[in-house]
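Here's the structure, in structure tokens; my notes come after.
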Amino acid sequence: MAKATKKQALGRGLSALLKDPENDIQSASDKNADKVVGNIVELDLDAIEVNPFQPRSNFNDETLQELASSIKELGVIQPITVRKVDFNRYQLVSGERRFRASKRIGLGTIPAYIRIANDQESLEMALVENIQRQDLDPIEIALSYQRLIDEIALTQEKLSDRVGKKRSTITNYLRLLRLDPIIQTGIRDGFATMGHGRALVNIEKKEDQIALYERIVGENLSVRETERSVKAYHEAPGVEGSTVKKPLRPKFVKKGIGELTDHLSVKVGVQTSEKGKGKITIPFHTEEEFKRIKKLILGG
């Protein structure tokens, strides 16, 4: 405990150094830069701005609240990383969830590693660090790879070396960006997996992609079943004009599924037969969401 207190005190001392106009460090060669760059410093949250290059765009409110509660109880265990952009002004490179959670509970400061980097270096650091260390969804990872290729001018070979992934893995992620935006959103929201997406991308016609995606959600098709459906689609007579058969739903199901979705605030899946028999699937992503749905169904 004494070591932690000493380390925290050192961070506050370095923070005071950074607030001194006579020690405005702009490069790694400046005086006192070695005392700050790469070290843990207690920074004012108000002095930190969100990184516009952050690839993560979805922040689950429940998990963010859980992190905030953990930080309130134990403190910020893993420091964030920032880059210096001006006198006593910093920009996030990684750790936006910790940053947001700390602001949520009203903390004044946060431990941070300081780096000095230009915009291009910052973009690369943010993308690479987040790909490697954060639980990004497959579409966010694909978008991050694409940005590294487009904005940093990396080839897939160099990108493979930089992020430590096989080129084939990177290619599989990038191919997801060829899916219709509706399906990309479905993957981000957890209604379909990357495996489903890899199968669907083999269908060029967007309307047929969406038709099969609707079956995946409505009938809970597995990845293997989706792959078989894609194979059947291509083997059908007259491939040029072939379409994916949409799920058959009686009128009472079409009406009821909308009412259920509105009432439960989740996209309800329904699998039906031509005779009107079927089953209802209600997805959930957390224990809290399960309890909320259960309460709505049981009325308790």
Should Ile114 and Tyr90 count as side-chain neighbours, where that means a heavy-atom distance under 4.5 Å?
yes
So, do Ile187 and Leu179 sit near enough that their side-chain heavy atoms are less than 4.5 Å apart?
yes
Please report the closest heavy-atom contact between His196 and Ser222, naming both atoms and the distance.
NE2-C, 3.5 Å
Measure the CZ-OG1 distance between Arg198 and Thr171 for me, rounded to the nearest 0.5 Å.
10.0 Å
Where Ala68 and Arg104 come nearest, the two heavy atoms and their spacing:
CB-CD, 4.2 Å
Quick one: do Arg100 and Glu96 make a salt bridge, cutoff under 4.0 Å?
yes
Could you see if Val50 belongs to whatever hydrophobic cluster contains Leu64? Use Ile, Leu, Val, Met, Phe, Trp, Tyr and a side-chain cutoff under 4.5 Å.
no
Count the heavy atoms belonging to other residues, nucleotides or ligands that lie under 6.0 Å from CD of Glu157, then report whether that count exceeds 12.
yes
Quick one: do Ile216 and Val201 end up in the same hydrophobic cluster if we chain Ile, Leu, Val, Met, Phe, Trp and Tyr together by side-chain heavy atoms under 4.5 Å apart?
yes
Are Ser102 and Leu45 close enough that some pair of their side-chain heavy atoms sits under 4.5 Å apart?
yes
Leu212 side, atom CG; Ile203 side, atom CD1 - distance, nearest 0.5 Å:
5.0 Å
About how many Å separate CD of Gln209 and CZ of Arg178, when rounded to the nearest 0.5 Å?
9.0 Å
Between Pro79 and Arg98 the two heavy atoms that sit nearest each other are O-NH1, 2.7 Å
Close side-chain approach of Gln65 and Ser69, heavy atoms under 4.5 Å:
yes
Which of Asn172, Val223, Ile141 passes side-chain contact (heavy atoms from CB on, under 4.5 Å) with Met194? It is Asn172
State whether the side chain of Asp44 and the backbone N or O of Asp46 hold a donor-acceptor pair below 3.5 Å, judged by distance alone.
no
Within-4.5 Å side-chain heavy-atom neighbours: Tyr173 and Gln146:
no
Would you mind reporting whether Thr81 and Leu92 have side-chain heavy atoms less than 4.5 Å apart?
no
Using the rule given for side chain to side chain contact (heavy atoms under 4.5 Å, CB included), can you reason through Leu43 versus Thr109, listing the C-alpha separation, both sets of side-chain angles and the distance that settles it, and then say yes or no?
CA-CA 5 Å; Leu43 294 181; Thr109 65; over 6 Å; no
Okay, side chain of Thr185, backbone of Pro181: is any donor-acceptor separation there less than 3.5 Å?
yes
What do you reckon, is NZ of Lys206 surrounded by more than 12 foreign heavy atoms closer than 6.0 Å?
yes
Glu207 and Ile210: side chain to side chain contact (heavy atoms under 4.5 Å, CB included), yes or no, with the steps?
CA-CA 5 Å; Glu207 58 267 33; Ile210 293 173; 5.8 Å; no
Out of curiosity, Asp137 CG to Gln184 CD, how far, rounded to the nearest 0.5 Å?
10.0 Å
Checking Arg175 against Asn202: is there a side-chain donor and acceptor pair closer than 3.5 Å?
yes
Closest contact, heavy atoms only, Leu176 versus Pro138:
CD1-CB, 3.9 Å
For Glu49 and Gln91, work out which heavy atoms get closest and say how close.
OE2-NE2, 2.8 Å
From CA spacing to verdict: side chain to side chain contact (heavy atoms under 4.5 Å, CB included), Val82, Tyr113
CA-CA 6 Å; Val82 299; Tyr113 289 109; over 6 Å; no
Tyr213 and Gly186 have their tightest heavy-atom pair at OH-CA, 3.2 Å
Salt-bridged, Asp161 to Arg167, with N to O below 4.0 Å?
no
Rounded to the nearest 0.5 Å, how far apart are CZ of Arg228 and NZ of Lys231?
10.0 Å
Contact check, side chains of Ile293 and Leu296, non-hydrogen atoms, under 4.5 Å:
no
Is any side-chain heavy atom of Leu174 closer than 4.5 Å to one of Ile149?
yes
For side chain to side chain contact (heavy atoms under 4.5 Å, CB included), just list the numbers for Thr63 and Arg97, CA-CA rounded to whole Å, side-chain angles, deciding distance to a tenth of an Å, and then say yes or no.
CA-CA 9 Å; Thr63 58; Arg97 289 183 71 249; 3.9 Å; yes
One should read off an interatomic distance between Ile110 CD1 and Ile80 CD1, to the nearest 0.5 angstrom, of 4.0 Å
